[in-house]
Amino acid sequence: MTRVLVLTHDVLGARMAGPAIRAFELSRQISRVAEITLASVLPLQGTLEPGFPVLSFEDDRDRLERLARAADVLVLQGLMPRRYPWLLELGKRLVMDLYDPFLFESYPQLLTRDGEAKDLFLHLWDVQNEQMDRADFSICASERQRDMWLGRYCALGRLRPDLFREDPSFRKLVDVVPFGVPDVPPVATRPAMR
């Protein structure tokens, strides 16, 4: 069975933000067809028992390296490839989760950083290019996002004629995996506004 390691830079626990929710729900779906481990750089907040390992490597390189070497496929999001560039050199299949266009997210922040805005923008631009250049496969959250990423892949020179011959849709390079919500609808535990 294929072994997949999903890495997130966000807190995993009872209350999660977007990147952690995405990584958790993606892991839950992958666990149906592969051996999955979900790991965060940050400490866990509470207990999760989804039927697959959920853990924190707490920025411990040795622990992360053991996890990564044991996997066949690495699923990375955000700045993980820049934070741990050696992950890209392990010879593993690399899946980049591009659902969070962090370059666009940074624009309001860049407006408040007069002197360093250009350098930060160029850094994030470079991180995004590196992710997309190294990815064996990429996922995003919607067809609209996919259109954007296809344009970016074209600009990077990855939409070559040989790939088109094999896959005119380019879905073997980038495809849509909706954001991810639990299969079971939420249950109201207290009165709240709709």
Side-chain angles (χ1 to χ4, degrees), residues 5-29 38-46 48 54 56-61 64 74-88 94-159 170-171 173-182 186 192-194:
L5 174 62
V6 176
L7 295 174
T8 184
H9 52 79
D10 212 349
V11 174
L12 295 167
R15 297 177 60 118
M16 296 184 277
I21 293 168
R22 170 97 169 160
F24 183 80
E25 294 301 331
L26 184 63
S27 297
R28 192 156 59 178
Q29 295 303 316
L38 171 60
S40 174
V41 66
L42 299 173
L44 300 179
Q45 300 293 318
L48 293 168
V54 177
S56 168
F57 58 92
E58 298 188 20
D59 208 19
D60 179 334
R61 181 192 163 122
L64 176 56
L74 303 178
V75 180
L76 309 174
Q77 36 169 240
L79 301 175
M80 295 298 280
R82 184 52 63 100
R83 188 170 186 166
Y84 307 103
W86 52 268
L87 287 170
L88 305 177
L94 297 172
V95 176
M96 299 298 180
D97 186 358
L98 303 174
Y99 102 94
D100 180 12
F102 58 80
L103 188 60
F104 289 144
E105 275 186 354
S106 71
Y107 288 162
Q109 184 182 11
L110 293 173
L111 293 176
T112 63
R113 298 188 177 202
D114 297 329
E116 45 187 67
K118 182 179 178 185
D119 289 341
L120 181 56
F121 172 79
L122 292 175
H123 170 74
L124 293 175
W125 174 263
D126 187 49
V127 168
Q128 194 80 77
N129 286 345
E130 179 182 47
Q131 283 183 337
M132 296 178 73
D133 192 45
R134 299 298 296 271
D136 293 304
F137 180 64
S138 296
I139 57 177
C140 59
S142 69
E143 289 295 333
R144 188 170 180 194
Q145 271 194 351
R146 184 172 181 274
D147 289 341
M148 177 188 71
W149 295 126
L150 280 172
R152 186 92 187 259
Y153 269 122
C154 185
L156 289 172
R158 296 249 355 234
L159 302 187
F170 296 112
R171 290 205 183 265
L173 179 62
V174 59
D175 208 350
V176 175
V177 175
F179 174 75
V181 294
M193 290 178 36
R194 288 188 147 244

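Just so you know, these numbers use all the heavy atoms, side chains as well, and skip hydrogens, waters and symmetry mates. Residue numbers count from 1 along this sequence.
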Using the side chain to side chain contact (heavy atoms under 4.5 Å, CB included) criterion, which residues pair with [X]? Sequence neighbours excluded.
X: R61; value: E65, W86
X: D60; value: D62, R63
X: S138; value: M96, L98, A135, Y153, V174

Spatial distance of atom [atom1] ([X]) from atom [atom2] ([Y]) [nearest 0.5 Å]:
X: L124; Y: Y107; atom1: CG; atom2: OH; answer: 9.5 Å
X: M148; Y: C140; atom1: CE; atom2: SG; answer: 7.5 Å
X: L38; Y: L44; atom1: CG; atom2: CG; answer: 8.5 Å
X: E116; Y: L122; atom1: CD; atom2: CG; answer: 13.0 Å
X: L159; Y: F170; atom1: CG; atom2: CZ; answer: 4.5 Å
X: S40; Y: D10; atom1: OG; atom2: CG; answer: 7.0 Å

Verify side chain to side chain contact (heavy atoms under 4.5 Å, CB included) between L88 and L94, making sure each step is shown before the conclusion. CA-CA 8 Å; L88 305 177; L94 297 172; 3.6 Å; yes
Within a strict 4.5 Å, meaning less than it, do heavy atoms of the [X] and [Y] side chains meet?
X: F24; Y: V6; answer: no
X: L76; Y: L87; answer: yes
X: L103; Y: R152; answer: yes
X: D119; Y: H123; answer: no

Test salt bridge (Lys or Arg N to Asp or Glu O under 4.0 Å) applied to R158 and D133, step by step: CA-CA 8 Å; R158 296 249 355 234; D133 192 45; 5.1 Å; no
All N/O donor-acceptor pairs, side-chain side in residues 77-85, below 3.5 Å, sequence neighbours left out:
unit_1 : atom_1 : unit_2 : atom_2 : d
Q77    : OE1    : T8     : OG1    : 2.7
Q77    : NE2    : P19    : O      : 3.3
R82    : NE     : E130   : OE1    : 3.3
R82    : NH2    : D126   : OD2    : 2.8
R82    : NH2    : E130   : OE1    : 3.4
Y84    : OH     : D59    : OD1    : 2.4

Please report the closest heavy-atom contact between V11 and P43, naming both atoms and the distance. CG1-O, 4.1 Å
For Y99 and G18, which heavy atoms make the closest approach, and how far apart are they?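 Smallest interatomic distance, heavy atoms only, reads OH-C, 3.1 Å.
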Show, in sequence, the C-alpha distance, side-chain angles and deciding distance for L7 and L64, and conclude whether the side chain to side chain contact (heavy atoms under 4.5 Å, CB included) test is met. CA-CA 9 Å; L7 295 174; L64 176 56; 3.7 Å; yes
What do the steps show when you test F102 against V127 for side chain to side chain contact (heavy atoms under 4.5 Å, CB included), and what is the final call? CA-CA 10 Å; F102 58 80; V127 168; 3.7 Å; yes
According to side chain to side chain donor-acceptor pair (under 3.5 Å), does anything in residues 140-151 pair up with another residue at least two apart or in another chain? List the pairs. E143-R171
For F137, the ring pair (Phe, Tyr, Trp, His ring centres under 6.0 Å) test, sequence neighbours excluded, returns none
Could you give me the CA-CA distance, side-chain angles and deciding distance for R22 and D97, then say whether side chain to side chain contact (heavy atoms under 4.5 Å, CB included) is met? CA-CA 9 Å; R22 170 97 169 160; D97 186 358; 2.9 Å; yes
